[in-house]
Amino acid sequence: MARRLAGRRLVIATHNRGKLAEIAALLAPLAIAVVAAGDLGLPEPAETGRTFAENARLKALAAARGARLPALADDSGLEVAALAGRPGIESARWAGPARDFAAAMRRVEEALRALAPALDRRARFVCALALAWPDGHVEPFEGRIEGRVVWPPRGGRGFGYDPIFVPEGYEETFGEMDPAMKHAISHRAAAFRKLISACLAGEGA
């Protein structure tokens, strides 16, 4: 049985303001107070894992031990079928030190066009969550959503690769979509449903 969160305070192991806002919105109905690891002055650990799940675990444990509080980490990214799953766990690195996702999206498009004439634009977003405690216990969860990448980028909502990703069954990119709709269907929302059911929902959460 999964360990349940006993308190109402949670460190979010991120320095990314867009990701923090999205996670805070997903947790808002549970009345959990969140604080970013960056706001606590905690350094970002080296993401040396080979999977999203391994990197989420590394970040969650570092934040939990540094803050001496339960911590939640998210490691997520875009996997493009024709690029053998890249950028994958290197999604943030493709944006460079300045986190220039306009450049990262161009890099994805250029890599796809190098495979012309037939472009396979199937892609997925993957989100791995890890909820960690200072004693080293970790609960992992994963969500994903299938779709395709488009060019040029569309929409100013969301963050990261959102403006080039159209989820399966929709015509809008995540960058164009109403945030409430994105929160309902995204890879992060899928992972959060599992997290909430296992560790946060109900009495004693």
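We're numbering straight along the sequence, starting at 1.
Salt bridge annotation for K182-E22: present, with a cationic side-chain nitrogen under 4.0 angstrom from a carboxylate oxygen. Salt bridge R3/D135: present, at least one basic N to carboxylate O contact under 4.0 Å. Residues E90 and R50 are not paired through a salt bridge, judged by the lack of any N-O separation under 4.0 Å between the basic side chain and the carboxylate. Taking 4.0 Å as the cut-off between side-chain N and carboxylate O, E47 and K59 count as a salt-bridged pair. The pair E109-R107 fails the salt-bridge criterion, with no side-chain N (NZ, NE, NH1 or NH2) lying under 4.0 Å from an Asp/Glu carboxylate O.
At a threshold of 4.5 Å between non-hydrogen side-chain atoms, the residues P167 and I185 count as touching. You'll find the side chain of I32 reaches within 4.5 Å of the side chain of L200, heavy atoms only. Two residues are said to be in side-chain contact when any heavy atoms from C-beta on lie closer than 4.5 Å; E176 and D162 fail this criterion.
Outside the 6.0 Å centre-distance limit, the rings of F159 and F101 are not counted as a close aromatic pair.
Atom CG of L27 sits about 6.5 Å away from atom CG of L10, to the nearest 0.5 Å. The distance from atom CG of N55 to atom OG of S76, rounded to the nearest 0.5 Å, is 10.5 Å. With rounding to the nearest 0.5 Å, the separation of CE in M177 from CD in E172 is 5.5 Å. To the nearest 0.5 Å, atom CD of residue E110 and atom CH2 of residue W151 are 7.5 Å apart.
Linking ILVMFWY residues whenever their side-chain heavy atoms come closer than 4.5 Å, directly or via other members, places F125 and W94 in the same cluster.
Other residues, nucleotides and ligands contribute more than 12 heavy atoms inside 6.0 Å of the CD atom of E146. R93 CZ: more than 12 foreign heavy atoms inside a 6.0 Å radius. Under a cut-off of 6.0 angstrom, the local environment of CZ in R193 is crowded, with over 12 non-hydrogen atoms contributed by other residues, nucleotides or ligands.
Note on ring orientation: taking the six-membered ring where Trp is involved, the planes of F174 and F165 are tilted (angle from 30° to 60°).
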- Message: Assess the residue pair N16 and T14 against the criterion (side chain to side chain donor-acceptor pair (under 3.5 Å)); give the C-alpha distance rounded to whole Å, side-chain angles, the decisive distance to 0.1 Å, and a yes or no.
- Response: CA-CA 5 Å; N16 181 318; T14 187; 5.3 Å; no
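Taking each heavy atom of R17 and A36 in turn, the nearest pair found is NH1-CB, 4.2 Å.
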